[in-house]
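Following: one structure in structure tokens, then a few remarks.
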There are 2 protein chains.
Amino acid sequence: MKIGNTDQHEDVNSKLQYYNKEDQVLLAVDCIIFGFDEKELKVLLVKRDFEPEKDKWSLIGGFLKKSENLDQAAIRVLNILTGLKDIYMEQLHSYSEIDRDPGQRTISVAYFALIDLSSKNFDRIKIDSAKWYKINKVPQLIFDHNEMIDKAIQRLRRRALIKPIGFELLPEKFTMRQLQSLYESILDKKLDKRNFINKVNLLDILDKLDEKDMTSSRKGSFLYRFNEEKYNSKSEEGFNFKI
Amino acid sequence: MKIGNTDQHEDVNSKLQYYNKEDQVLLAVDCIIFGFDEKELKVLLVKRDFEPEKDKWSLIGGFLKKSENLDQAAIRVLNILTGLKDIYMEQLHSYSEIDRDPGQRTISVAYFALIDLSSKNFDRIKIDSAKWYKINKVPQLIFDHNEMIDKAIQRLRRRALIKPIGFELLPEKFTMRQLQSLYESILDKKLDKRNFINKVNLLDILDKLDEKDMTSSRKGSFLYRFNEEKYNSKSEEGFNFKI
DNA sequence: TCAAAAGTGTTCTGTTTACACCCATGG
DNA sequence: CCATGGGTGTAAACAGAACACTTTTGA
């Protein structure tokens with residue numbers, strides 16, 4: 001039941017008449033794309049090449065079409081820029097300040113995406129002006145985009161402590177050191193190696209492979225893979241990765 | 001930067017022309033209003049009195065006007081129904097399935113609100129067909145409103161464990177028993193009285209008053225009040241109310 | 001005097017933190 | 001043979017969970 005206009009006289013039994021009185025607005029999606037490249041958590045930005053705010057950095061975005069829902073719009077926008085599909089995305093928040101976009105009244109729904117930069121899946125970015133920024137070196141962005149990124153980082157932090165979304169940022173096979181570096185980047189603090197490994201092993205959601213990664217050291221380090229079945233069989237509520 | 005139509009030829013320097021190509025949609029807000037009345041966590045629903053879906057239960061909602069942002073729209077909608085102002089509200093999620101509202105393509109941004117039912121502030125509901133339902137007795141609702149409530153309950157559960165939003169559901173002065181009942185309702189589990197009180201006292205965010213509430217027992221029970229200064233001085237990150 | 005709710009501490013268990021040395025290997 | 005990162009365990013501190021009896025007072 002919509003009661004937006006209960007003060008005014010109107011025929012609420014006439015659905016179309018009712019709906020047609022209402023204001024329509026532009027709905028955009030903006031994507032915070034996080035990537036992890038072995039050491040650093042980064043976010044993908046593009047340089048705006050038209051007025052207003054020309055030459056300022058910005059998140060990628062696009063407008064919702066009537067033929068799609070918001071998730072589909074976010075997936076489409078991400079795909080246009082990166083060429084990637086089947087990427088983890090999650091709706092973050094909707095931004096609606098009246099003057100947020102000086103061009104026209106626009107409400108934006110922010111999404112964040114997690115992609116693995118080390119993987120060969122991700123060979124190129126399709127927009128020339130795009131650049132990866134370390135998350136603590138993000139420049140001033142247009143509109144409310146800095147606010148969006150701040151909120152996305154906070155959400156990522158909380159999520160990564162209770163859900164296995166961190167693996168979306170790693171290659172399929174990864175070392176313990178990579179996993180630890182990832183969590184150190186996300187949480188922005190150093191972690192103790194032994195405590196970290198003990199905790200991860202306790203969760204029992206990884207397969208230790210026979211392969212070693214020989215690029216990082218002379219000894220080589222074992223590779224691990226996230227085992228989704230193991231994870232699902234453990235808990236409905238995610239893990240409690242208090243680190 | 002909006003790249004919704006990069007495949008098509010267009011003059012991106014002409015802002016208006018650019019924006020005007022895009023689809024406009026109706027934006028609604030729907031409010032999940034939680035209330036706590038000494039024992040039970042409840043949600044406020046209204047009976048829809050027009051077709052389609054006449055006589056079905058629904059959340060309250062309304063359409064966004066161009067002159068307001070989403071928070072303001074949610075506050076307005078809440079005020080129309082309850083007459084209340086200065087209520088805790090938080091944006092929850094946006095719902096955008098193409099057929100979610102058979103009347104017209106509508107995207108809805110869900111908000112949840114927390115109000116104290118025991119307070120005399122809340123003397124009456126302004127819509128006759130409104131009714132409080134226990135959160136585990138919610139009937140089938142129109143559209144995706146059941147989904148919204150489920151998500152709101154989950155969010156409330158997580159929030160209440162780390163932020164002092166539970167106090168929004170209580171009168172200014174409350175007993176420990178009331179606070180415990182509230183958390184038991186939110187978390188849907190029985191808690192141990194001694195452990196609960198020990199933990200709350202450890203947080204050191206309440207003032208114990210000299211007054212007693214004499215209505216609940218012959219002995220009477222001390223009243224407490226949330227002390228926001230104490231809370232703010234403790235932590236930036238909220239508390240860790242693992243109970 | 002008793003019914004009904006308030007109030008109060010201790011022990012046990014599990015989790016988190018702090019911490020340092022040997023291993024394997026390629027150069 | 002040594003420099004580099006990989007791998008491993010234990011003890012102390014802390015937080016959570018389990019648990020039962022006494023107090024007050026209006027009816």
Side-chain angles (χ1 to χ4, degrees), chain A residues 38-40 118 160-162 170-171 173-185 187-225 234-235 237-243, chain B residues 38-39 118 157 160-162 170-171 173-185 187-225 234-235 237-243:
Chain A
E38 307 280 324
K39 270 292 169 214
E40 295 278 355
S118 67
L161 290 175
I162 52 168
L170 292 174
K173 300 171 181 182
F174 51 85
T175 66
M176 275 290 179
R177 190 74 192 85
Q178 283 176 291
L179 185 61
Q180 185 182 338
S181 294
L182 171 64
Y183 271 88
E184 288 179 337
S185 302
L187 302 174
D188 193 28
K189 67 175 174 191
K190 284 276 163 222
L191 301 173
D192 178 88
K193 180 169 56 163
R194 276 175 292 186
N195 292 340
F196 183 83
I197 294 172
N198 288 160
K199 183 76 189 235
V200 171
N201 285 334
L202 208 80
L203 293 176
D204 186 28
I205 54 172
L206 301 185
D207 291 333
K208 183 174 189 170
L209 308 179
D210 290 331
E211 299 171 68
K212 279 190 164 192
D213 168 55
M214 298 307 293
T215 63
S216 63
S217 74
R218 309 194 170 166
K219 189 178 177 180
S221 58
F222 281 104
L223 290 166
Y224 292 79
R225 182 164 45 201
K234 303 274 168 217
S235 91
E237 293 297 317
F239 44 69
N240 179 17
F241 204 3
K242 269 282 206 68
I243 43 182
Chain B
E38 306 279 326
K39 270 293 167 214
S118 67
R157 239 165 233 172
L161 290 175
I162 53 169
L170 292 174
K173 301 171 180 181
F174 51 85
T175 66
M176 274 292 176
R177 191 73 193 86
Q178 284 176 291
L179 185 61
Q180 184 181 340
S181 294
L182 172 64
Y183 271 87
E184 289 179 336
S185 302
L187 302 174
D188 193 27
K189 67 175 173 191
K190 284 277 163 221
L191 300 173
D192 178 88
K193 181 168 56 162
R194 276 175 293 186
N195 290 341
F196 183 82
I197 293 171
N198 288 161
K199 182 76 190 234
V200 171
N201 285 334
L202 208 81
L203 293 176
D204 187 28
I205 54 173
L206 301 185
D207 291 334
K208 184 174 187 169
L209 307 179
D210 290 330
E211 298 170 69
K212 280 192 164 193
D213 169 54
M214 299 307 292
T215 63
S216 62
S217 73
R218 306 187 176 175
K219 190 179 176 182
S221 59
F222 280 104
L223 289 166
Y224 292 79
R225 183 165 45 201
K234 304 274 166 216
S235 91
E237 293 296 318
F239 44 67
N240 179 18
F241 205 2
K242 268 284 206 68
I243 43 181

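In the text below, chain A, chain B and the rest are named by the order of the sequence lines, each starting its count at 1.
- The phosphate of D:dG6 has neither OP1 nor OP2 within less than 4.0 Å of any side-chain N or O from A:K193.
- The two atoms that bring B:S181 and B:K39 nearest to each other are OG-NZ, 3.5 Å, heavy atoms only.
- In this structure, CG of A:D213 is placed 13 Å from P of D:dG5, rounded to the nearest angstrom.
- A donor and an acceptor atom sit less than 3.5 Å apart, one in the side chain of B:R194 and one in the base of D:dA20.
- Taking atom NZ of residue A:K190 and atom P of nucleotide C:dC19, one finds them 17 Å apart after rounding to whole Å.
- Whole-Å rounding puts the B:Q180 CD to C:dA5 P distance at 14 Å.
- Between B:L223 atom CG and C:dG7 atom P there is a gap of 10 Å when expressed in whole angstrom units.
- Considering only the side chain of B:F222, C:dG7 comes nearest among C:dG7, C:dA6, D:dG6.
- As rounded to whole Å, 11 Å separates atom P of D:dG6 from atom OH of A:Y224.
- At least one side-chain nitrogen or oxygen of A:K199 sits closer than 4.0 Å to the OP1 or OP2 atom of C:dT16.
- At whole-Å resolution of the value, CG in B:L191 and C1' in D:dA17 are 12 Å apart.
- Cation-pi geometry between B:K208 and B:Y224 is not met: the NZ or CZ atom fails to fall both under 6.0 Å from the ring centre and inside 45° of the normal.
- Between the P atom of C:dA6 and the CG atom of B:L179 lies a distance of 13 Å, rounded to the nearest Å.
- Atom CD1 in A:I197 sits about 16 Å away from atom P in C:dT17, given to the nearest Å.
- The backbone N or O of B:R194 sits less than 3.5 Å from a side-chain atom of B:D192, completing a donor-acceptor pair.
- The minimum heavy-atom distance linking B:M176 with B:N201 is given by the pair CE-OD1, 3.8 Å.
- Nearest nucleotide to the side chain of B:N198, out of D:dG6, C:dG9, D:dT8: C:dG9.
- No donor-acceptor contact under 3.5 Å links the side chain of A:K219 to the base of C:dA24.
- Position along DNA chain C of the nearest nucleotide to B:K208 versus A:M214 favours B:K208 as the more 5'-ward residue.
- Toward the 5′ end of DNA chain D lies the nearest nucleotide of A:R218, the other residue of the pair B:L202 and A:R218 mapping further downstream.
- Of the listed nucleotides (D:dC19, C:dA18, D:dG7), C:dA18 has the atom at the smallest distance from the side chain of A:N195.
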Under the side-chain contact (heavy atoms from CB on, under 4.5 Å) rule, what do B:F239 and B:L202 come out as? Steps first, then yes or no, please. CA-CA 11 Å; B:F239 44 67; B:L202 208 81; over 6 Å; no
